[in-house]
Structures are given as structure tokens and as C-alpha cells.
Amino acid sequence: MQLKCYCMNIESLLQQAVSKVLDELYSISVEPSQVVLQSTKKEFAGDYTLVVFPYVKQARRSPEVLADEIGVRLKKTVSEVDAYNVVKGFLNISISDDYWVGFATDIAGDAHFGMRETVSNSKPVVVEYSSPNTNKPLHLGHIRNNLLGWSVSELLKANGHNVKRVNLVNDRGIHICKSMLAWLRYGNGETPESTGIKGDHLVGKYYVEFDKHYKEQVADLVANGMDEDEAKKEAPLMKEAQAMLKRWEDGDKDVRDLWERMNSWVYAGFDETYRSLGVGFDKIYYESNTYLLGKELVQKGLDMGVLYRRDDGSVWCDLTADGLDEKLLLRRDGTSVYMTQDLGTALLRHNDFGAGQLVYVVGNEQDYHFKVLKLILAKLGFDWADKVYHLSYGMVELPNGKMKSREGTVVDADDLIADMEQTAEETSREHGRNDELSDEERKHLYHILALGALKYFILKVDPSKNMLFNPAESIDFNGNTGPFIQYTYARIRSIVRKSGLSEFNFDHVSLKIDDKEREIVKLLHSMPSVIDQAAQNFSPAMVANYAYDVAKAFNSFYQDTPILREQYANVRVFRLMLCDTVATALRNAMSILGIEMPERM
RNA sequence: GGCCCUGUAGCUCAGCUGGAUAGAGCGAGAGUCUUCUAAACUCUAGGUCCUGCGUUCGAGUCGCAGCAGGGUCACCA
């Protein structure tokens with residue numbers, strides 16, 4: 001039997017063939033990559049559709065005739081083309097069962113199907129995400145950030161990039177001083193150990209405490225006739241916090257000791273949340289180490305003449321020619337601002353990793369900041385300024401609007417995860433088939449189902465869009481959800497286990513496949529291009545939607561097609577092979593989302 | 001007010017470089033488990049793709065204008 005190579009994507013093969021036909025028949029020259037093929041709509045026969053409208057003028061044919069002539073030629077010259085039909089200007093092309101079966105056989109057993117090998121010696125893509133403040137625990141907004149950051153990193157890896165994850169912890173500043181001050185005043189020496197409260201929550205408690213007392217002071221001042229804006233500045237607590245920040249910057253030992261102590265509580269808390277979310281980093285930067293960076297760059301900019309100093313000593317960048325405003329880079333007292341340090345850390349990071357690209361997973365409220373950052377880097381003469389990519393994501397909103405910590409409407413990350421685990425356990429007790437599992441394994445199952453639901457819920461939405469979370473409705477486990485896909489996977493694994501096979505040998509000559517099998521094979525066939533597309537768009541959502549399509553197609557197939565019960569061994573083994581490959585595809589796609597798949601549930 | 005983002009079914013969301021009669025899930029209604037896991041499957045109802053104009057053989061998709069919602073324009077980060 002002749003060996004065929006199915007490595008060649010059937011779409012590019014068709015594109016080349018069409019390009020050739022257009023040239024030979026009508027002397028129309030079109031690059032194969034420019035030939036537009038789409039998958040044929042369900043209500044028509046065929047696998048791929050060529051839209052011929054763009055060529056009718058040059059070919060001087062009616063759309064129908066043109067489509068027919070191309071169809072005839074394709075069928076004659078491309079062995080994989082089985083049949084064709086023409087509806088208006090649409091040429092629907094059917095690919096032979098032989099090709100699809102061959103393709104399915106080719107990819108069977110490839111544990112990394114859909115994922116690319118990492119290109120060796122490629123410059124790493126450095127992805128910054130998470131970047132929390134250390135004055136309060138993580139909430140749902142941070143969850144979206146962390147899940148996106150992790151997932152986009154996995155996605156880029158799956159597309160062949162070398163990826164480094166970094167976190168830039170905002171561990172200094174006035175907000176931390178507020179928590180510290182409140183703890184000193186009202187804390188009675190409380191610690192995570194003495195109270196049993198998770199460290200980040202304990203520190204967050206004092207941040208709230210500060211705000212409470214501060215507001216009281218402001219209200220008192222206003223009641224005594226002071227203007228509100230002035231009262232906010234003059235409140236003793238605020239002045240004390242500012243004094244504390246100054247002492248911190250001067251290296252005051254007491255302040256630094258307390259700062260280290262309370263930050264260490266927060267880190268222990270964050271680590272627990274990170275572990276629970278399954279995210280991590282290759283390198284963690286601390287703003288206390290990097291906040292002074294960037295000043296040299298400012299000096300360089302002054303020397304280059306791209307920045308200027310005002311009479312009061314402050315340094316600015318004039319971006320009005322770019323349609324933006326003037327941007328402050330050094331305060332009049334010579335201290336740096338957010339932008340200054342971000343310039344510095346960008347350079348640091350670029351040099352630390354020899355980065356080919358710098359990705360920042362940061363909310364869309366900072367779109368302006370990153371626009372400015374790129375512009376200034378370019379003005380400073382860094383040719384890699386255009387390698388800075390701001391992965392701007394939308395906010396998570398509640399039914400009554402934005403989350404506001406002051407109004408107590410934040411959805412706490414740890415609470416949400418705990419709720420999800422609770423729901424997973426209840427659902428599992430009701431529907432689950434997990435008698436064989438130990439208590440330990442069952443606990444793990446609840447965890448991966450809970451996180452599967454949460455992660456999928458968040459990641460299936462296009463990153464750039466705001467999304468809505470309704471705490472009252474909780475997150476679903478049915479329909480277009482993580483657990484739906486996990487369930488599909490568990491079912492498949494169950495069948496494959498029962499078959500006892502790990503290799504699938506069958507005679508694929510003249511094996512016929514039905515519509516549902518064909519649908520599945522076609523979906524598998526498209527996986528590499530979906531991953532590629534998703535990576536180019538930095539969009540895990542595209543992978544999530546793909547995984548859902550695969551699971552849905554499989555469930556429909558599973559519902560009315562015998563697999564283990566199939567009496568013909570040849571067909572049975574083929575179907576088992578297909579099952580096994582679908583499981584692999586689902587596992588790989590979901591791993592890009594950071595979602596684990598259960599062997600049974 | 002300037003700039004940026006978003007607007008698709010009752011609700012939450014898909015819809016890749018413009019292509020056929022715009023798709024899912026939830027919710028609503030009707031079916032399917034003595035048979036490979038019913039967290040599933042099948043069917044029904046549900047649409048002025050915010051509005052208008054334009055480009056095109058063809059617009060949910062591109063352009064302009066308007067409307068609505070959000071963000072941002074700090075010597076905060």
C-alpha cells in the first residue's frame with residue numbers, strides 16, 4: 001500500500017490547487033495563501049467551500065459556471081477531492097473518507113497533538129501578570145488577571161514560544177503604610193498565628209480599619225467647618241501614613257521591620273491563593289527593589305533632549321505631537337513616579353531575559369499608561385519599544401456595577417474558590433461516579449472541578465471585553481462550562497479504559513465514516529490553526545470555545561453511535577482510536593487554560 | 001469636554017483576515033436512561049446584530065456621523 005503523508009494540511013493543499021486551477025484556466029494569479037476557503041455550512045454537502053465571487057470578473061464567467069469549472073478540475077487533479085456541488089457562487093468541496101481516516105490515524109497516539117515544539121534559541125516572551133498590591137487580599141478582578149496571565153503563557157508556549165512568567169509585586173507605598181499604621185494603632189499585636197486569619201486577609205482587615213477611622217476624622221474636620229478636600233489632606237491619620245512612608249524611604253529600622261513582617265504575612269497568603277489557582281512565576285520582582293530604576297533613563301532622556309525640565313525642577317515628556325498630553329516623569333523633589341519605574345523595569349526585564357517580546361497583562365484602565373510607556377521607550381531610542389504588548393483586559397463587573405472594596409462589594413478570591421469547591425462536592429455527590437476514589441482523590445477531584453468551572457467561566461470570554469459575574473447565580477456546571485468538558489473527557493477515558501487497548505490497529509482501507517465522525521475529525525484537524533490563531537490574538541477564549549465545540553461534537557456522536565458495542569472489530573477500533581485522540585485534544589486544549597482533566601467524575 | 005473600549009435572543013457569550021437562511025449555553029416548553037458515565041443528547045419557541053448614511057457583487061464584520069454604557073485624561077499606582 002502506498003504511504004501517504006497527511007502532515008500537509010488539507011486546506012493549504014486545496015489552496016494551492018485552486019491557485020493553480022485559476023492560473024491555468026483563466027490566467028488569474030492568486031497566492032495560495034490568499035485563496036479564501038471556509039468550512040461548509042451544515043445545511044450543505046461538503047467539507048470546504050470556495051467563494052468564487054472574487055474571480056468572476058476576471059474569469060468572465062457566471063458564478064455558477066465558474067464554480068463548476070473549478071470543481072471539475074479539482075476533482076480531476078486532487079485525489080483527496082471526492083465530490084463537489086455548486087450553490088449559487090459557492091463551490092462546496094467534499095474530501096474523501098480515505099483522507100480523513102488517514103489523518104485520524106496519523107495523529108493518533110501523539111500526546112502533544114495540537115501543540116508546537118518550542119523553537120530553540122528563540123528569544124523569550126516575558127509575560128508579566130498578577131502584580132498585586134500587598135495591602136489587601138486578591139479578589140475576582142485579580143483572578144481574571146492571574147488566569148489570563150497563566151493561560152496566555154501556556155498558549156504562547158503551545159505555539160512554540162519560549163515563555164518567562166514574571167510578577168512585579170507592589171510591596172511599597174502609601175497603601176501599605178495605611179495597613180501598617182492601622183495595625184500598630186488598633187491591632188493589639190494580632191498575627192495570622194494568633195488569630196487563625198490568613199495573612200493577606202489580616203493585613204486587608206487593617207487596610208479597611210484605616211479607611212474607617214480616616215473617614216471619621218475627615219467627617220469631624222468637615223463638621224468643624226473645614227473644606228472636604230482639605231480635610232482629606234489634613235486628617236491626622238493621613239499625615240501619619242505619609243510620615244511613615246517617608247520613614248520607610250529613609251530606611252527607618254522600625255518601619256522596615258514592621259513592613260517586612262506584615263508583607264511576609266501577605267506573601268504566605270498570596271502563595272496559598274496562587275497554589276490554589278495553579279499559577280506561578282519564573283521570577284518575582286519587588287517594587288521596593290525597582291522603584292528607583294528609571295531615573296537614569298530620565299537623565300538620558302534629558303541629555304538626548306527628548307525630555308525637558310521645568311523651572312520647578314520637575315521633568316516631563318511632551319507627547320502633544322502624538323496626540324497625548326504632557327507626562328510627568330520626575331516630581332519636583334526629584335522622586336520618581338509610576339511611569340519612571342515602569343520605564344526602568346521594562347529595561348531591566350528586557351536585559352534580564354534578552355526578551356523578544358514583553359507582554360503586560362494589565363487591566364484596560366491602564367491603556368493610556370501603556371500607550372505612553374511605549375512612546376517614551378521609543379523616544380529614548382529603544383528599538384524594542386514596539387515589542388511591548390499590553391494585553392488589556394476588561395473589568396469583571398457585578399450586576400450592580402463595578403466592584404468597590406469601600407462598599408464591601410468585592411468578591412474575595414479565596415471565598416469564591418471555597419464556594420466553588422462546595423458546589424463541586426454537592427454536584428459530585430449527586431451525579432458522580434467516583435466510588436473507587438479515595439478521600440484524598442475525591443478532594444482533589446472537587447478542587448479541579450471547582451477550578452475547571454471558575455477558569456473556564458472567566459477564560460471563555462474574550463479578554464478585551466468586560467464581563468459580568470453574578471454571585472447570586474454562582475457559576476454553572478452544565479452547558480458551556482468547564483465541568484461539561486471535563487465530564488466529556490472522563491466519559492471517554494472510561495470507555496478507553498474498558499476497551500483495554502492502548503494501541504489501535506485496524507485496516508483503514510475502504511473504512512466509511514459517518515457525519516458525526518467526520519465532524520470530529522475535521523475539528524481535530526483544525527486544532528493547530530486554532531491554537532495559532534489564538535496565540536496571535538493572545539486569546540485563550542478561542543481555545544476555550546474550540547474545546548467546547550469538540551466536546552459537544554463528541555457528546556453528540558457518543559449519544560447514538562456504538563463504540564464498545566460496535567460489532568465490527570475494524571470499526572470498533574477506529575472509533576476507540578478517535579475517542580482516544582479526542583481525549584488528548586481536550587486535555588491539551590484545557591491545559592492551555594490551566595484546567596486539569598479528571599480520569600473519572 | 002479630548003482620547004480609548006464596548007453595544008448580537010429575556011440573561012451570559014461565540015461569530016478568524018467582509019461571504020450562503022446570524023450561532024451556542026442558561027432560562028421557557030416537549031421528548032430520551034433494563035444498553036459504553038443523563039454533569040449528557042434530541043426537538044420547539046425566541047433577533048430592527050444600538051441607529052442612520054456610505055464603500056462593495058455581497059456588511060454583524062470595513063468607513064463616517066449619532067445614541068447608550070464603561071474607562072481614562074493625578075507631582076496615585
Side-chain angles (χ1 to χ4, degrees), chain A residues 33-34 36 38 40-44 49 51-54 56-57 63 87-90 92 131 133 170 172-175 287 291 312-316 323-325 328-333 335-339 341-342 363-369 371 392 394-395 397 399 401-402 427-428 430-434 449 457 460-462 464-470 473 476-481 483-488 490-496 498-499 529-530 533-534 536-537 539 541-542 544-545 548-549 551-552 555-566 575-576 579 600-601:
Chain A
S33 61
Q34 298 303 306
V36 179
Q38 52 193 7
T40 304
K41 298 233 171 201
K42 269 217 172 71
E43 48 282 30
F44 303 100
T49 296
V51 183
V52 302
F53 289 114
V56 292
K57 215 172 228 172
V87 182
K88 290 191 272 182
F90 298 89
N92 300 319
S131 306
N133 292 350
N170 182 6
R172 48 142 247 130
I174 190 75
H175 38 287
E287 211 182 278
Y291 80 105
D312 65 5
S314 58
V315 177
W316 297 74
L324 304 176
D325 299 319
L328 176 87
L329 289 177
L330 285 182
R331 297 190 184 97
R332 100 187 89 170
D333 63 5
T335 56
S336 58
V337 294
Y338 179 42
M339 184 59 74
Q341 43 184 295
D342 239 18
N364 62 12
E365 72 269 12
Q366 292 195 35
D367 285 354
Y368 183 77
H369 172 79
K371 201 178 277 183
S392 164
M395 291 183 309
E397 290 171 332
K402 209 178 162 180
T427 312
S428 239
E430 198 179 329
H431 303 287
R433 298 273 193 103
N434 44 42
L449 292 178
F457 177 81
K460 77 170 176 180
V461 180
D462 184 293
S464 70
K465 292 187 175 171
N466 288 355
M467 62 179 297
L468 189 114
F469 173 78
N470 189 341
E473 289 175 6
D476 222 323
F477 279 61
N478 301 318
N480 186 359
T481 67
F484 168 88
I485 298 167
Q486 290 170 315
Y487 175 72
T488 307
R491 273 173 142 185
I492 298 174
R493 294 298 303 146
S494 171
I495 297 177
V496 175
K498 283 180 181 166
S499 79
S529 70
V530 169
Q533 196 83 39
Q536 284 183 41
N537 288 292
S539 174
M542 296 173 93
N545 286 309
Y548 175 67
D549 288 342
K552 206 168 139 57
N555 281 329
S556 179
F557 158 76
Y558 174 92
Q559 193 67 22
D560 49 28
T561 313
I563 300 166
L564 285 175
R565 294 176 317 217
E566 168 59 44
R575 287 184 181 156
L576 280 163
C579 288
R600 52 194 101 218
M601 67 186 268

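Excluded from the calculations below are hydrogen atoms, water molecules and symmetry mates; all remaining heavy atoms, backbone and side chain alike, are included. Letters go in sequence order (proteins before strands), and every chain restarts at 1.
- When heavy atoms are screened at a 4.0 angstrom cut-off, A:Val51 is found touching base atoms of the nucleic acid.
- Remark: the separation of the C1' atoms in B:U8 and B:G46 is 14 Å, to the nearest Å.
- Side-chain proximity of A:Arg332 to B:C75, B:C57, B:A40: nearest is B:C75.
- Contact annotation for A:Ser539: no contact, since no heavy-atom pair falls under 4.0 Å across all strands.
- Across all strands shown, B:G18 remains unpaired; no Watson-Crick or G-U wobble contact has both distances below 3.5 Å.
- A stacked arrangement is not assigned to A:Phe477 and the six-membered base ring of B:A39, the conditions of a centre distance below 5.5 Å and an interplanar angle below 30° not being jointly met.
- Under 4.0 angstrom from either OP1 or OP2 of B:U42 there lies at least one side-chain N or O belonging to A:Ser556.
- Here A:Val87 lies in heavy-atom contact (under 4.0 Å) with a base.
- Side-chain to base pairing of A:Asn92 with B:A20: one donor and one acceptor N or O lie within less than 3.5 Å of each other.
- When both distances must be under 3.5 Å, the Watson-Crick or G-U wobble mate of B:G1 is B:C73.
- For B:G7, the OP1/OP2 oxygens have a side-chain nitrogen or oxygen of A:Lys465 closer than 4.0 Å.
- Taking only side-chain nitrogens and oxygens, A:Lys41 comes nearer than 4.0 Å to OP1 or OP2 of B:A20.
- B:C43 sits 22 Å from B:A14 when the C1' atoms are compared, rounded to a whole Å.
- Interatomic distance, A:Phe90 CZ to A:Gln38 CD, rounded to the nearest 0.5 Å: 6.5 Å.
- Heavy-atom nearest nucleotides on RNA chain B were determined for A:Ala541 and for A:Lys552, and the one closer to the 5' end corresponds to A:Ala541.
- Closest approach to the A:Asn545 side chain among B:A39, B:U37, B:A14 is made by B:A14 (side chain taken as heavy atoms from C-beta onward).
- Taking only distance into account, the side chain of A:Thr49 meets the base of B:A20 through a donor-acceptor pair shorter than 3.5 Å.
- Distance check on atom C1': B:G25 versus B:G15 gives 15 Å, rounded to whole Å.
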Problem set entry | Residues A:Phe484, A:Phe477; criterion side chain to side chain contact (heavy atoms under 4.5 Å, CB included); working and verdict | CA-CA 7 Å; A:Phe484 168 88; A:Phe477 279 61; over 6 Å; no
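- B:A45 and B:A30: their C1' atoms are spaced 11 Å apart (whole Å).
- Residue contacts for A:Asp333: at a heavy-atom cut-off of 4.0 Å it reaches no nucleic acid atom on any strand shown.
- Note on A:Ser529: nothing from the nucleic acid sits closer than 4.0 angstrom, heavy atoms only.
- Between the A:Arg172 side chain and the A:Glu287 main chain, no donor and acceptor come within less than 3.5 Å of each other.
- In the set B:A39, B:A20, B:C75, the nucleotide with an atom closest to the side chain of A:Gln38 is B:A20.
- The side chain of A:Tyr558 lies closest to B:U37 when the candidates are B:G25, B:U32, B:U37.
- Checking B:G19, B:A77, B:A40 against every side-chain atom of A:Tyr487, the shortest atom distance belongs to B:A40.
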For this session: Step by step, work out the side chain to side chain contact (heavy atoms under 4.5 Å, CB included) result for A:Asn364 and A:Asn466.
Result: CA-CA 9 Å; A:Asn364 62 12; A:Asn466 288 355; 3.8 Å; yes
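- Using the Watson-Crick or G-U wobble rule with both distances under 3.5 Å, B:U51 pairs with B:A65.
- An OP1 or OP2 oxygen of B:G69 is reached within less than 4.0 angstrom by no side-chain nitrogen or oxygen of A:Lys402.
- In this structure, the separation between CD on A:Glu365 and CE on A:Met395 is 7.5 Å, given to the nearest 0.5 Å.
- B:A9 makes up no base pair with any nucleotide shown, lacking Watson-Crick or G-U wobble contacts both under 3.5 Å.
- Counting non-hydrogen atoms under 4.0 angstrom, A:Met601 reaches a base of the nucleic acid.
- Nearest-nucleotide positions on RNA chain B for A:Met467 and A:Ala490 put A:Met467 closer to the 5' end.
- By the criterion of a centre-to-centre distance under 5.5 Å and near-parallel planes under 30°, the ring of A:Phe90 forms a stack with the base of B:A20.
- Comparing B:U48 with B:G60, their P atoms sit 14 Å apart, to the nearest whole Å.
- Distances were taken from every side-chain heavy atom of A:Asn480 (C-beta onward) to each of B:G25, B:G19, B:C75; the shortest belongs to B:G25.
- Distance from the side chain of A:Asn133 is smallest to B:A77 among B:C13, B:A77, B:A39.
- Residue contacts shown for A:Phe484 are limited to sugar-phosphate atoms, with no base heavy atom under 4.0 Å away.
- For A:Gln559, the side-chain atoms get nearest to B:A40 when compared with the rest of B:A40, B:C36, B:U72.
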Problem set entry | Working for side chain to side chain contact (heavy atoms under 4.5 Å, CB included), residues A:Glu566 and A:Thr561 | CA-CA 8 Å; A:Glu566 168 59 44; A:Thr561 313; over 6 Å; no
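- Note that the CG atom of A:Asp476 and the CZ atom of A:Phe457 stand 9.5 Å from one another [nearest 0.5 Å].
- For A:Ile495, taking side-chain heavy atoms from C-beta onward, the closest of the listed nucleotides B:G7, B:C36, B:C13 is B:C36.
- Distance check on atom P: B:U44 versus B:C49 gives 22 Å, rounded to whole Å.
- With hydrogens and angles left out, the side chain of A:Thr488 and the base of B:A39 share no donor-acceptor pair within 3.5 Å.
- At a threshold of 4.0 angstrom between heavy atoms, the contacts of A:Thr427 include nucleobase atoms, whether or not backbone atoms are also involved.
- Residue A:Pro54 is in base contact, counting any heavy-atom pair closer than 4.0 Å across all strands shown.
- For the C1' atoms, the distance linking B:A24 with B:U42 amounts to 15 Å, nearest Å.
- By the 4.0 Å N-to-carboxylate-O rule, A:Glu397 lies too far from A:Lys402 to be salt-bridged with it.
- A:Arg491 has a side-chain polar atom (N or O) that falls below the 4.0 Å cut-off from OP1 or OP2 of B:A38.
- When atom types are taken as modelled, the side chain of A:Arg575 and the backbone of A:Pro562 share a donor-acceptor pair closer than 3.5 angstrom.
- For the atom pair NZ of A:Lys460 and CG of A:Asn480, the computed distance is 4.5 Å after rounding to the nearest 0.5 Å.
- Proximity note for A:Arg331 (side chain, C-beta onward) versus B:C73, B:C76, B:A20: the nearest is B:C76.
- Note on A:Tyr338: a base of the nucleic acid sits closer than 4.0 angstrom, heavy atoms only.
- With hydrogens and angles ignored, no donor-acceptor pair closer than 3.5 Å exists between the side chain of A:Asn364 and the base of B:C4.
- Base pairing analysis places B:C41 opposite B:G31; the two distances defining the Watson-Crick or G-U wobble pair are each below 3.5 Å.
- At the heavy-atom level, A:Glu287 lies under 4.0 Å from the strands shown only through sugar-phosphate atoms.
- Spacing of C1' atoms, B:U72 relative to B:A77, comes out at 14 Å, to the nearest Å.
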